[in-house]
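Here is the structure we will look at.
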Amino acid sequence: KIKFFWGDERCVPPNDPESNYLMTDKSLFSKIQIPSKNIFRIQGEDNPDKEAKRYSNVITNEIGFKNNIPNFDLMLLGLGEDGHTASIFPNQLELFSSNKICAVADHPATKQKRITLTGKVINNSSKIIFLVTGKSKSVIADKIINKKKDYKNFPASFVNPVQGELIWMLDEPAAEMLK
């Protein structure tokens, strides 16, 4: 009964070492029994603009809506050292207010294209869990969670479920700056 979708994907083939799909396949799908019809990957190998539209249509057809926006039951998000989440980077904060379901983003340093869910879709989820690991994330996690100084410069600070629950799960090194 569980369906899997991606919050973002690099524009690479599914067997590329940078693929989020490949990571999930190796660490989860290869270890469980799940029908392939329940896995809805972003096709990163395709034209980014066309794929953002195609994946938006997949979500529209597979996910229930609430507030006229797709409503995921559970969204797992990561946190980048620069405060990004999904593939919404600090130089693309406008993706949090976009009316699109999916958009094309560019990594600010590498310029690599990515497909990402937008902020309105993320924030319309019933439950959002940030999974944050490693000492390198401790400063940014502290700034965002404790709303310090320039925290609004970081996309992850805009994750705030409209009618849902937000949970932060950090390992000890990621949480070392928290009081």
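Worth saying up front: this structure is predicted, and the values here are computed from it rather than measured.
Taking all atoms of both residues into account, the shortest heavy-atom contact from Leu166 to Pro161 is CB-CD, 3.8 Å. When every heavy atom of Lys31 is checked against every heavy atom of Ser27, the shortest pair comes out as CD-O, 3.5 Å. Contact record, Ser19 with Leu22: OG-N, 3.1 Å, taken as the closest heavy-atom pair.
Two residues are said to be in side-chain contact when any heavy atoms from C-beta on lie closer than 4.5 Å; Asn38 and Ile2 fail this criterion. Side chains of Pro173 and Ser138 form no contact here, defined as non-hydrogen atoms less than 4.5 Å apart. In this structure the side chain of Thr24 reaches within 4.5 angstrom of the side chain of Phe29, judged on heavy atoms. Two residues are said to be in side-chain contact when any heavy atoms from C-beta on lie closer than 4.5 Å; Pro70 and Ile59 meet this criterion. By the 4.5 Å heavy-atom criterion applied to side chains, Lys137 and Glu81 are counted as neighbours. Looking at heavy atoms from C-beta onward, Phe72 lies in side-chain contact with Val121 at the 4.5 angstrom threshold.
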| query | Checking side chain to side chain contact (heavy atoms under 4.5 Å, CB included) for the pair Thr60/Ile101: CA distance, chi angles, key distance, verdict? | reply | CA-CA 9 Å; Thr60 297; Ile101 295 173; 3.3 Å; yes
| task | Applying side chain to side chain contact (heavy atoms under 4.5 Å, CB included), run through Asn71 and Phe65 and close with a yes or a no. | result | CA-CA 5 Å; Asn71 175 240; Phe65 275 57; over 6 Å; no
| Full working for side chain to side chain contact (heavy atoms under 4.5 Å, CB included) between Cys102 and Thr118 | CA-CA 6 Å; Cys102 296; Thr118 59; 5.9 Å; no
| task | Could you walk me through whether Ile140 and Asp82 pass the side chain to side chain contact (heavy atoms under 4.5 Å, CB included) test, one step at a time? | result | CA-CA 7 Å; Ile140 198 73; Asp82 61 355; over 6 Å; no
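Side-chain atoms of Glu18 and Gln112 include a donor-acceptor pair closer than 3.5 Å. Residues Asp8 and Thr116 have side chains that never bring a donor and an acceptor to within less than 3.5 angstrom of each other. For the 3.5 Å distance criterion, the side chains of Glu165 and Ser126 fail to qualify, holding no donor opposite an acceptor.
Applying the salt bridge (charged side-chain N to carboxylate O under 4.0 Å, His left out) test to Glu176 and every residue at least two apart in sequence or in another chain returns Lys135. Partners of Pro17 under the side chain to side chain contact (heavy atoms under 4.5 Å, CB included) rule, at least two apart in sequence or in another chain, do not exist in this structure. With sequence neighbours excluded, no residue forms a salt bridge (charged side-chain N to carboxylate O under 4.0 Å, His left out) with Lys50. Not counting sequence neighbours, the partners of Glu51 by the side-chain hydrogen bond (donor to acceptor under 3.5 Å, both in side chains) test are Arg54. Scanning for side chain to side chain contact (heavy atoms under 4.5 Å, CB included) contacts around Phe158 gives Leu93, Phe96, Lys152, with sequence neighbours left out. In terms of the salt bridge (charged side-chain N to carboxylate O under 4.0 Å, His left out) criterion, Lys66 has no residue partners (sequence neighbours excluded).
Here the CD atom belonging to Gln43 is positioned 11.5 Å from the CH2 atom belonging to Trp6, to the nearest 0.5 angstrom. For the atom pair NZ of Lys100 and CG of Leu95, the computed distance is 8.5 Å after rounding to the nearest 0.5 Å. Here CD1 of Ile69 is found 9.0 Å from CG of Asn123. Values are rounded to the nearest 0.5 Å. Atom CG of Leu28 sits about 8.0 Å away from atom CD1 of Ile39, to the nearest 0.5 Å. To the nearest 0.5 Å, atom CG of residue Asp46 and atom CD1 of residue Ile115 are 9.0 Å apart. Atom NZ of Lys120 is separated from atom OG of Ser98 by 7.5 Å, given to the nearest 0.5 angstrom.
A salt bridge is absent between Asp106 and Arg114; no separation between the charged side-chain nitrogens and carboxylate oxygens falls under 4.0 Å. Taking 4.0 Å as the cut-off between side-chain N and carboxylate O, Asp142 and Lys148 count as a salt-bridged pair. A salt bridge links Glu62 with Lys3: the closest approach of a Lys/Arg side-chain nitrogen to an acidic carboxylate oxygen falls below 4.0 angstrom. For the pair Arg10 and Asp16, the salt-bridge criterion is not met [side-chain N within less than 4.0 Å of a carboxylate O].
When the side chains of ILVMFWY residues are joined at heavy-atom separations under 4.5 Å, either directly or via intervening members, Leu77 and Met23 end up in two distinct hydrophobic clusters.
Under the 4.5 angstrom side-chain criterion for Ile, Leu, Val, Met, Phe, Trp and Tyr, the cluster partners of Leu74 are Leu76, Ile129, Leu131, Ile167, Met169. Cluster note: Val162 groups with no other residue, as no ILVMFWY side-chain heavy atom lies under 4.5 Å from it. The hydrophobic side chain of Val12 is isolated, with no ILVMFWY side chain under 4.5 Å apart from it. Through side-chain heavy atoms spaced under 4.5 Å, either directly or across other Ile, Leu, Val, Met, Phe, Trp or Tyr residues, Tyr151 is tied to no other residue.
In this structure, Thr85 contributes its side chain and Leu79 its backbone to no donor-acceptor pair below 3.5 Å. Judged by distance alone, with hydrogens and angles left aside, the side-chain atoms of Glu9 form a donor-acceptor pair with the main-chain N or O of Asn20 at under 3.5 Å. Judged by distance alone, the side chain of Asp171 and the main-chain N or O of Ala174 form a donor-acceptor pair under 3.5 Å. Using modelled atom types, no side-chain atom of Asn146 and backbone atom of Leu178 make a donor-acceptor pair closer than 3.5 Å. In this structure, the side chain of Lys147 does not engage the main chain of Ile144 through any donor-acceptor pair within 3.5 Å.
A ring pair (Phe, Tyr, Trp, His ring centres under 6.0 Å) check over residues 112-140, counting only residues at least two apart or in different chains, returns the pairs Phe130-Trp168. Sorted by first and then second residue, the pairs that involve residues 73-92 and meet ring pair (Phe, Tyr, Trp, His ring centres under 6.0 Å), not counting sequence neighbours, are His84-Phe89, Phe89-His107.
Ring pair Phe5/Phe40 is parallel by interplanar angle, where below 30° counts as parallel and above 60° as perpendicular.
Summarising the local packing, CG of Asn68 is surrounded by 12 or fewer heavy atoms from other residues, nucleotides or ligands at distances under 6.0 Å.
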